[in-house]
Amino acid sequence: AQSVTQLDSQVPVFEEAPVELRCNYSSSVSVYLFWYVQYPNQGLQLLLKYLSGSTLVKGINGFEAEFNKSQTSFHLRKPSVHISDTAEYFCAPAQLGNEKLTFGTGTRLTIIP
Amino acid sequence: SQTIHQWPATLVQPVGSPLSLECTVEGTSNPNLYWYRQAAGRGLQLLFYSVGIGQISSEVPQNLSASRPQDRQFILSSKKLLLSDSGFYLCAWSLLQGLLSGANVLTFGAGSRLTVL
């Protein structure tokens, strides 16, 4: 079974500072990896996804994530955050042939003006 | 383009009352459909998923049930609500066998916030 760990439940960051949200997954088989963002009182939106190919994946709103197979990680990064990035971020691995995504517990990103 | 609708957006119900949350998808056929619950501080928990009409898989034992009476309609129900059923319920859809084509992106509805008093 797939499991995922988001190590930080809350991350406060000053505006225009860089941020990294950590995600580790456990799997011995090929996986696909997703990051979703949830703005207050809304559903989730896809931020970016890794399926294959380049390990550095770029998403919307200036976010990127790097797939590291040896460390089973898929950390999310942004070089300079904005107030509008305040949201909850979810990491989700999926396995080929499995139609379900397993979500992490989420990381709440708070931007400090 | 595909759209997903969830209603009601908010609901306040007394303990022991019934529940019905509805979700419909437009612009696609044979979608996979999902119900997730988001409780405070607990992330997203998959409750049910369906790969076709009348086909429901339950992920966790609970006080809730799901039905798929039509291809693009997914209903979450309860006969008697418990306090612990409070939360934010999210419906989502994806392409059937989307992972095989690398396109299994979940698209979520706006959510239904349920408060049980």
Side-chain angles (χ1 to χ4, degrees), chain A residues 1-10 21-25 27 29-54 57 59-60 67 87-110, chain B residues 2-10 21 23 25 30-52 55-60 87-115:
Chain A
Q2 192 61 257
S3 72
V4 55
T5 302
Q6 290 185 245
L7 296 168
D8 306 301
S9 59
Q10 297 188 58
L21 305 183
R22 296 179 291 172
C23 171
N24 288 87
Y25 65 94
S27 176
V29 298
S30 297
V31 297
Y32 303 103
L33 292 154
F34 302 80
W35 274 99
Y36 282 80
V37 59
Q38 183 181 31
Y39 297 105
N41 297 311
Q42 295 185 26
L44 278 71
Q45 302 174 32
L46 180 69
L47 200 56
L48 50 77
K49 62 181 177 180
Y50 171 79
L51 303 178
S52 64
S54 173
V57 180
I60 62 172
F67 170 58
E88 192 151 16
Y89 293 80
F90 293 92
C91 180
Q95 286 180 288
L96 180 64
N98 189 332
E99 299 301 325
K100 301 175 288 184
L101 285 184
T102 301
F103 285 88
T105 51
T107 298
R108 186 172 299 277
L109 176 63
T110 302
Chain B
Q2 301 90 359
T3 56
I4 178 169
H5 303 281
Q6 252 188 270
W7 69 93
T10 58
L21 300 179
C23 172
V25 179
N30 302 318
N32 288 348
L33 295 171
Y34 308 80
W35 277 112
Y36 285 85
R37 177 169 58 201
Q38 187 175 22
R42 296 183 63 183
L44 267 72
Q45 181 184 37
L46 179 61
L47 303 176
F48 301 95
Y49 76 98
S50 170
V51 297
Q55 301 178 59
I56 309 294
S57 295
S58 174
E59 290 298 294
V60 294
F88 192 49
Y89 289 83
L90 290 159
C91 181
W93 74 273
S94 71
L95 290 171
L96 188 65
Q97 296 187 332
L99 272 175
L100 298 180
S101 66
N104 191 22
V105 172
L106 279 182
T107 302
F108 286 84
S112 298
R113 187 167 299 283
L114 171 67
T115 304

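All values derive from a computational prediction rather than experimental measurement.
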*Test A:Leu44 against B:Tyr36 for side-chain contact (heavy atoms from CB on, under 4.5 Å), laying out the working first.*
CA-CA 11 Å; A:Leu44 278 71; B:Tyr36 285 85; over 6 Å; no
*Under 4.5 Å, counting heavy-atom pairs only, tell me which of B:Ser57, B:Gly111, B:Ala110 racks up the most with chain A.*
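Highest number of heavy-atom pairs under 4.5 Å: B:Ala110.
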*Kindly indicate whether the side chain of A:Gln38, heavy atoms from C-beta on, has any atom under 4.5 Å from the side chain of B:Phe88.*
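They are in side-chain contact.
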*Find out whether A:Tyr36 and B:Leu106 are in side-chain contact, i.e. whether some heavy atom of one side chain is under 4.5 Å from a heavy atom of the other.*
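A side-chain contact exists here, since the closest heavy-atom pair is under 4.5 Å.
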*Using non-hydrogen atoms and a 4.5 Å limit, figure out which bit of B:Leu44 sits close to chain A: side chain, backbone, both or neither.*
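For B:Leu44, the contact with chain A is made by backbone and side chain together.
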*Toward chain A, the part of B:Gln45 with a non-hydrogen atom under 4.5 Å*: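 B:Gln45 has no heavy atom closer than 4.5 Å to chain A.
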*Side chain, backbone, both or neither: which part of A:Glu88 has an atom under 4.5 Å from a heavy atom of chain B?*
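Side chain only.
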*Measure the spacing between CD of B:Gln38 and OG1 of A:Thr105 and express it to the nearest 0.5 Å.*
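B:Gln38 atom CD to A:Thr105 atom OG1 measures 11.0 Å (nearest 0.5 Å).
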